[in-house]
Colleague: 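What follows is a structure written as structure tokens; I'll ask about it next.
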Amino acid sequence: MQYCPDIEVEGKLDSLEFSRFSGWFGRIRYNLSTMATEANSTTQIGVKAKLLDGAAVAAEIKQEVAEDVRLLWERHEIQPCLAAVRVGDDAASEVYVRNKIRACREVGIRSEHYALPASTTQIELFDLIALLNVRGDIDGILVQLPLPLEIDEASTIEAVDPWKDVDGFHPTNVGKLAMGRPAFVPCTPGGIMELLERRRVPLRGVNACVIGRSQIVGRPMAQLLLQKDATVTICHSRTRDLPSVTRQADILVVAIGRAGFIRSNHIKPGATVIDVGMNQVADEAVARSLFGDELERRLQIIAKRGYTLVGDVNAAEADEIAGRRTLVPGGVGLLTVAMLMSNTLKAARLRRGLQDDK
């Protein structure tokens, strides 16, 4: 037996013939008890926040996956396979899927890419998912979101076999995560936990705040932090006096989809800030308010490409008060892809009763 090549499937399905107080931060007055609390923060306040290198951790994870994939082939002649399904012409989705297919090649996972037109019906999509569910050589199924408005996302997620749900979105896997017995952890929260644990960021007993309550990031992120004995608060668009809540957090995870929304007045001195956001900024005036030392490089990117990617956190202000923070780009996004590879390998093992074969 040999490794099989990746498969690209383009076009419409034919009878199943296819095999996310403005301004600077003023003086802060603390009473003695507040000063004592901050002395026990998860990090020491420095001149600049330490950057948490998501790219390096993602590379570590992918290297580990690649080695385990190699061993799985040597011992059992099994090569994990991920089927990626994309519907429509969303440019961002096309880039995301392409990056995931590339990562499969890098770690030795076989992939099949089904690029379906926007005219694909829900029945046709469900037919494809049903076929992938029963194929023994397919270990993971990824349906790239968002889907066209005509297709119901919740029903589509439920159509995927939970044992092949490497995104961790199926209600069965959501329930298992809530019970503390996860099979597949959603990739972005899972990647963030890997980053925190591998970089030895304290979790037990700390105050953690998650801004955003989506099923993809916010809610599972809170569950994972709680399972590591953090004291967790979830904030959202209806939270009153948001800065007063977030300033209590030793770990602040932000996933709201608003460029540079979180500023210095939201951040506790010395906190660890995880920026999940990925937003496009084309206005140079806006960029000048978001970046410090790398402003000139970002302005050059805008001039060349028309926009630059920024997170939900104002990086320039966060650098002056946080203890640690992640980069955008080059942070959480890379971890998400790496965890997808890890989940696909896990699915291949679980489906064959080889979860202990490491």
Side-chain angles (χ1 to χ4, degrees), residues 25 28 30-54 56-57 177-180 182 185-186 188-214 217-236 239-256 261-277 311-315 317-328 331-332 335-336 339:
F25 186 44
I28 307 173
Y30 297 107
N31 57 34
L32 291 176
S33 63
T34 302
M35 293 173 65
T37 300
E38 289 174 356
N40 293 320
S41 180
T42 57
T43 58
Q44 297 298 315
I45 305 172
V47 177
K48 292 283 187 181
K50 179 181 179 181
L51 296 179
L52 290 169
D53 192 349
V57 174
L177 176 62
M179 295 174 66
V185 174
T188 298
I192 292 171
M193 293 303 296
E194 288 286 337
L195 176 66
L196 294 173
E197 292 180 332
R198 290 176 186 241
R199 293 302 176 257
R200 301 184 184 280
V201 177
L203 297 173
R204 177 172 292 181
V206 306
N207 291 323
C209 180
V210 180
I211 310 180
R213 51 182 172 181
S214 74
V217 180
R219 297 180 191 226
M221 187 76 249
Q223 290 282 354
L224 292 171
L225 288 166
L226 185 62
Q227 290 170 19
K228 292 298 181 179
D229 297 323
T231 301
V232 184
T233 301
I234 301 179
C235 293
H236 46 77
T239 298
R240 296 179 180 178
D241 193 6
L242 181 65
S244 70
V245 179
T246 60
R247 279 199 304 267
Q248 305 303 312
D250 302 299
I251 298 174
L252 181 61
V253 182
V254 188
I256 53 176
F261 179 81
I262 297 301
R263 309 189 67 166
S264 56
N265 64 308
H266 293 88
I267 301 171
K268 178 180 180 178
T272 296
V273 179
I274 306 297
D275 193 348
V276 183
D312 294 341
V313 177
N314 185 307
E317 295 188 16
D319 277 341
E320 300 302 323
I321 190 168
R324 307 177 182 93
R325 74 170 178 90
T326 55
L327 289 165
V328 178
V332 173
L335 290 164
T336 299
M339 291 308 297

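We number each residue from 1, following the sequence as shown. These numbers come from a predicted model, not from an experiment.
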Colleague: Under the side chain to side chain contact (heavy atoms under 4.5 Å, CB included) test, which residues partner Ile234, sequence neighbours left out?
Modeller: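 Arg213, Ala222.
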Colleague: I want to check something: taking the side chain as every heavy atom from C-beta on, are Arg324 and Leu51 in contact at a cut-off of under 4.5 Å?
Modeller: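 A side-chain contact is absent here, since even the closest heavy-atom pair is not under 4.5 Å.
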Colleague: Are Thr272 and Leu252 packed together at the side-chain level, in the sense that at least one heavy-atom pair is separated by less than 4.5 angstrom?
Modeller: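 Thr272 vs Leu252: side chains apart.
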Colleague: Under the rule for side-chain hydrogen bond (donor to acceptor under 3.5 Å, both in side chains), what residues qualify as partners of Arg198, not counting sequence neighbours?
Modeller: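 Result, side-chain hydrogen bond (donor to acceptor under 3.5 Å, both in side chains) vs Arg198: Glu60, Glu64, Glu194.
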Colleague: Taking all non-hydrogen atoms of both residues into account, name the closest pair between Glu317 and Ser264 and its distance.
Modeller: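 Taking Glu317 first and Ser264 second, the nearest heavy atoms are OE1-N, 3.0 Å.
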Colleague: Using every non-hydrogen atom in the two residues, find where Pro202 and Ile251 come nearest and quote the distance to one decimal.
Modeller: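 Distance-wise, the nearest heavy atoms are O-CD1, 3.5 Å.
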Colleague: Set out, in order, the CA-CA distance, both residues' side-chain angles and the distance that settles side chain to side chain contact (heavy atoms under 4.5 Å, CB included) for Leu335 and Val57, then state yes or no.
Modeller: CA-CA 7 Å; Leu335 290 164; Val57 174; 3.6 Å; yes
Colleague: Indicate yes or no: at least one non-hydrogen side-chain atom of Ile211 is less than 4.5 angstrom from one of Thr246.
Modeller: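 SC-SC contact between Ile211 and Thr246 confirmed.
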Colleague: Could you tell me which residues satisfy side chain to side chain contact (heavy atoms under 4.5 Å, CB included) with Ser244, sequence neighbours excluded, listed by chain and number?
Modeller: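 If we apply the side chain to side chain contact (heavy atoms under 4.5 Å, CB included) test to Ser244, skipping adjacent residues, the hits are Asp241, Arg247.
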Colleague: State, yes or no, whether a side-chain contact exists between Leu196 and Leu203 at a heavy-atom distance under 4.5 Å.
Modeller: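 Yes; the side chains approach each other to less than 4.5 Å.
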Colleague: Over all heavy atoms of both residues, which pair between Val328 and Gly311 is shortest? Give the atoms and the distance, please.
Modeller: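 In this case the closest contact between Val328 and Gly311 is CG1-N, 3.5 Å.
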Colleague: If I compare all heavy atoms of Ala249 with all of Ala271, which pair ends up nearest, and what's the gap?
Modeller: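 What the structure gives for the nearest pair is O-CB, 3.4 Å.
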Colleague: Tell me, please, which residues at least two apart from Thr336 pass side chain to side chain contact (heavy atoms under 4.5 Å, CB included).
Modeller: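 If we apply the side chain to side chain contact (heavy atoms under 4.5 Å, CB included) test to Thr336, skipping adjacent residues, the hits are Cys187, Thr188, Val332.
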Colleague: Taking the side chain as C-beta and beyond, is there a heavy-atom pair between Ile192 and Val253 under 4.5 Å?
Modeller: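 Yes, their side chains come closer than 4.5 Å.
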Colleague: Could you check Val245 against Thr239 for side chain to side chain contact (heavy atoms under 4.5 Å, CB included), going step by step and ending with a plain yes or no?
Modeller: CA-CA 9 Å; Val245 179; Thr239 298; 4.2 Å; yes
Colleague: Could I get the full list of side chain to side chain contact (heavy atoms under 4.5 Å, CB included) partners for Ala178, not counting sequence neighbours?
Modeller: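 So Ala178 forms a side chain to side chain contact (heavy atoms under 4.5 Å, CB included) with Gln223.
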Colleague: Answer yes or no: is there a side-chain heavy-atom contact under 4.5 Å between His266 and Leu242?
Modeller: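 They are in contact (side-chain heavy atoms under 4.5 Å apart), so the answer is yes.
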Colleague: Run the side chain to side chain contact (heavy atoms under 4.5 Å, CB included) test on Leu224 and Leu177 for me, step by step, so that the C-alpha distance in whole Å, both residues' side-chain angles and the decisive distance to 0.1 Å come before the verdict.
Modeller: CA-CA 8 Å; Leu224 292 171; Leu177 176 62; 3.6 Å; yes
Colleague: Any salt bridge (charged side-chain N to carboxylate O under 4.0 Å, His left out) pairs touching residues 202-212, not counting sequence neighbours?
Modeller: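 Checked against salt bridge (charged side-chain N to carboxylate O under 4.0 Å, His left out) - neighbours excluded - the pairs reaching residues 202-212 are Arg204-Asp229.
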Colleague: Can you find a pair of side-chain heavy atoms, one from Thr233 and one from Val210, that are under 4.5 Å apart?
Modeller: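 They are not in contact (no side-chain heavy atoms under 4.5 Å apart), so the answer is no.
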Colleague: Got a sec, which residues hit side-chain hydrogen bond (donor to acceptor under 3.5 Å, both in side chains) with Glu197, two or more places apart in sequence or on another chain?
Modeller: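 Listed in chain order: Lys228.
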Colleague: Contact between Val185 and Met339 at the side-chain level, heavy atoms closer than 4.5 Å - yes or no?
Modeller: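 Not in contact.
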Colleague: If I compare all heavy atoms of Cys209 with all of Cys235, which pair ends up nearest, and what's the gap?
Modeller: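 Heavy atoms of Cys209 and Cys235 come nearest at SG-SG, 3.6 Å.
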Colleague: Rounded at 0.5 Å granularity, tell me how far CD1 in Ile321 sits from NZ in Lys268.
Modeller: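 Going from CD1 on Ile321 over to NZ on Lys268, the span is 11.0 Å.
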Colleague: Could you state the interatomic distance from CG (Leu52) to CZ (Arg199), rounded to the nearest 0.5 Å?
Modeller: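 If we round to the nearest 0.5 Å, Leu52:CG and Arg199:CZ are 8.0 Å apart.
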Colleague: Run the side chain to side chain contact (heavy atoms under 4.5 Å, CB included) check on Arg263 and Val313 step by step: do they pass?
Modeller: CA-CA 6 Å; Arg263 309 189 67 166; Val313 177; over 6 Å; no
Colleague: Looking at Arg325 and Asp275, is any side-chain nitrogen of the basic one under 4.0 Å from a carboxylate oxygen of the acidic one?
Modeller: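 Result for this pair is no, no salt bridge flagged.
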